[in-house]
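Heads up, the thing below is written out as structure tokens.
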Amino acid sequence: AMEKSYVSMFLLLIVISCALAKDAGKKDTKDTTTKPKLPQTLSRGWGDQLIWTQTYEEALFRAKHSQKPLMIIHHLEDCPHSQALKKVFAEHKDIQKLAEKFILLNLVYETTDKNLAPDGQYVPRVLFIDPSLTVRADITGRYSNRLYAYEPSDISLLYSNMQKALKLLKTEL
């Protein structure tokens, strides 16, 4: 009888690992296929290893109490510009490493806070907010008509803007 329970345990483990492997495989292909109707993690593909906050309110609370800057990414799942930026952001090793120093939030809907749309509700847009909960209007992309927009080709600018958000923080505190 003892052997039998070992065998069934073993079979169970095989079944579990296959299920996990299937999910892992799905993750990689999700960009090319039509978007799955599966519940996604809070990262929504922007960095699955990173810790993402769930709501704007939670993000503000965490930024204030941890004294870390907050990075908010507004995007839409079916916007090709958002998808393209997400891909380079998620694959950029230095950005993913640096992002650990931020409170992170990505939103697929607009908040009622007008401060998060200083020059309009376009996507993708990335805003930095310091722990005093002030939007960093001085950290912008390279487009004068859409100050917080970034294209995939702007990824190194986004990286240096992340560094800027952290650096200025140190001098101000």
Side-chain angles (χ1 to χ4, degrees), residues 27-28 30-31 35 39-173:
K27 229 186 220 116
D28 300 339
K30 91 164 163 252
D31 287 342
K35 62 175 195 281
Q40 285 181 313
T41 59
L42 291 174
S43 83
R44 294 189 182 91
W46 288 87
D48 295 339
Q49 311 313 312
L50 296 167
I51 298 163
W52 296 84
T53 48
Q54 194 160 3
T55 64
Y56 180 45
E57 291 69 31
E58 181 197 349
L60 290 176
F61 180 84
R62 286 206 195 170
K64 192 173 180 172
H65 290 273
S66 67
Q67 290 300 302
K68 284 180 175 180
L70 163 60
M71 177 162 69
I72 298 185
I73 303 169
H74 286 87
H75 64 109
L76 287 171
E77 295 291 350
D78 54 1
C79 158
H81 301 286
S82 296
Q83 290 291 353
L85 185 64
K86 178 198 294 193
K87 190 169 168 22
V88 293
F89 186 92
E91 288 170 4
H92 195 294
K93 299 264 188 295
D94 293 336
I95 278 188
Q96 291 290 311
K97 189 88 198 98
L98 198 59
E100 293 172 6
K101 296 180 160 58
F102 288 82
I103 301 298
L104 299 167
L105 176 66
N106 70 77
L107 292 173
V108 287
Y109 53 86
E110 293 291 340
T111 68
T112 52
D113 189 344
K114 296 288 170 276
N115 296 312
L116 290 191
D119 64 344
Q121 297 187 339
Y122 50 86
V123 294
R125 71 180 193 279
V126 183
L127 288 101
F128 296 96
I129 296 174
D130 69 26
S132 72
L133 307 188
T134 310
V135 171
R136 295 292 301 269
D138 59 325
I139 304 183
T140 57
R142 60 187 182 87
Y143 306 100
S144 53
N145 60 335
R146 294 188 162 193
L147 292 175
Y148 306 96
Y150 297 86
E151 285 186 27
S153 56
D154 303 326
I155 198 71
S156 57
L157 174 61
L158 181 54
Y159 179 62
S160 64
N161 277 350
M162 287 169 72
Q163 290 174 310
K164 200 173 171 184
L166 289 165
K167 211 180 260 114
L168 286 168
L169 189 73
K170 285 200 184 75
T171 58
E172 283 161 12
L173 291 179

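What's counted below: heavy atoms across the whole structure, side chains too, no hydrogens, waters or symmetry copies. The residues of the chain are indexed from 1 along the displayed sequence. Nothing here was measured: the structure is a model prediction, and the numbers come from that model.
- Taken to the nearest 0.5 Å, the CD1 atom of Ile139 stands 11.0 Å off from the CD1 atom of Ile129.
- Between atom CD1 of residue Ile155 and atom OH of residue Tyr150 there is a gap of 10.0 Å, rounded to the nearest 0.5 Å.
- Expressed to the nearest 0.5 Å, how far NZ of Lys164 lies from CG of Leu158 amounts to 12.0 Å.
- Of all heavy-atom pairs between Ala90 and Gly45, the closest is CB-O, 3.4 Å.
- No option in Val108, Leu105, Asn106, Leu107 other than Leu107 meets the side-chain contact (heavy atoms from CB on, under 4.5 Å) test with His74.
- Ion pair Lys86/Glu77 flagged as a salt bridge, since at least one NZ, NE, NH1 or NH2 atom sits closer than 4.0 Å to an Asp/Glu carboxylate oxygen.
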Please output the side-chain donor-acceptor pairs of residues 110-119 that fall under 3.5 Å, not counting sequence neighbours, one pair per line with the distance.
| from | atom 1 | to | atom 2 | distance (Å) |
| --- | --- | --- | --- | --- |
| Glu110 | OE1 | Arg125 | NH2 | 2.8 |
| Glu110 | OE2 | Arg125 | NH1 | 2.9 |
| Thr111 | OG1 | Asp113 | N | 3.2 |
| Asp113 | OD1 | Asn115 | N | 2.8 |
| Asp113 | OD1 | Asn115 | ND2 | 2.9 |
| Asp113 | OD2 | Tyr56 | OH | 2.5 |
| Asp119 | OD1 | Tyr122 | OH | 2.9 |
| Asp119 | OD2 | Tyr122 | OH | 3.2 |
| Asp119 | OD2 | Leu147 | N | 2.7 |

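- What you find for Lys101 and Pro69 is that their closest heavy atoms are O-CD, 4.0 Å.
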Applying side-chain contact (heavy atoms from CB on, under 4.5 Å) to Met162 and Met71, what does each step give before you reach the verdict? CA-CA 8 Å; Met162 287 169 72; Met71 177 162 69; 3.7 Å; yes
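- Residue Asp130 holds its CG atom at 9.0 Å from CD of Gln67, rounded to the nearest 0.5 Å.
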Before you tell me yes or no, could you show the steps for Asp154 and Glu151 under side-chain contact (heavy atoms from CB on, under 4.5 Å), namely the whole-Å CA-CA distance, both residues' side-chain angles and the distance that decides it to 0.1 Å? CA-CA 5 Å; Asp154 303 326; Glu151 285 186 27; 3.5 Å; yes
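- Listed here is the closest heavy atom pair of Ile103 and Ala59: CG2-O, 3.7 Å.
- Under a cut-off of 6.0 angstrom, the local environment of OH in Tyr143 is crowded, with over 12 non-hydrogen atoms contributed by other residues, nucleotides or ligands.
- Note: Thr140 OG1 to Tyr148 OH = 6.5 Å, rounded to the nearest 0.5 Å.
- Put simply, CG on Asn161 and CD1 on Ile95 are 10.0 Å apart, with the number rounded to the nearest 0.5 Å.
- Within a 6.0 Å radius of CD1 in Ile51, no more than 12 heavy atoms belonging to other residues, nucleotides or ligands are found.
- Residue His92 qualifies as enclosed at atom NE2: its count of foreign heavy atoms under 6.0 Å is above 12.
- Taking the six-membered ring where the residue is Trp, His75 and Trp46 present perpendicular rings, their angle passing 60° and hence far from 30°.
- When all heavy atoms of Trp52 and Gly47 are compared, the closest pair comes out as NE1-O, 2.9 Å.
- In terms of heavy atoms, Leu50 sits closest to Glu100 at CD2-CG, 3.6 Å.
- Nearest heavy atoms, Pro131 versus Ala63: CB-O, 3.6 Å.
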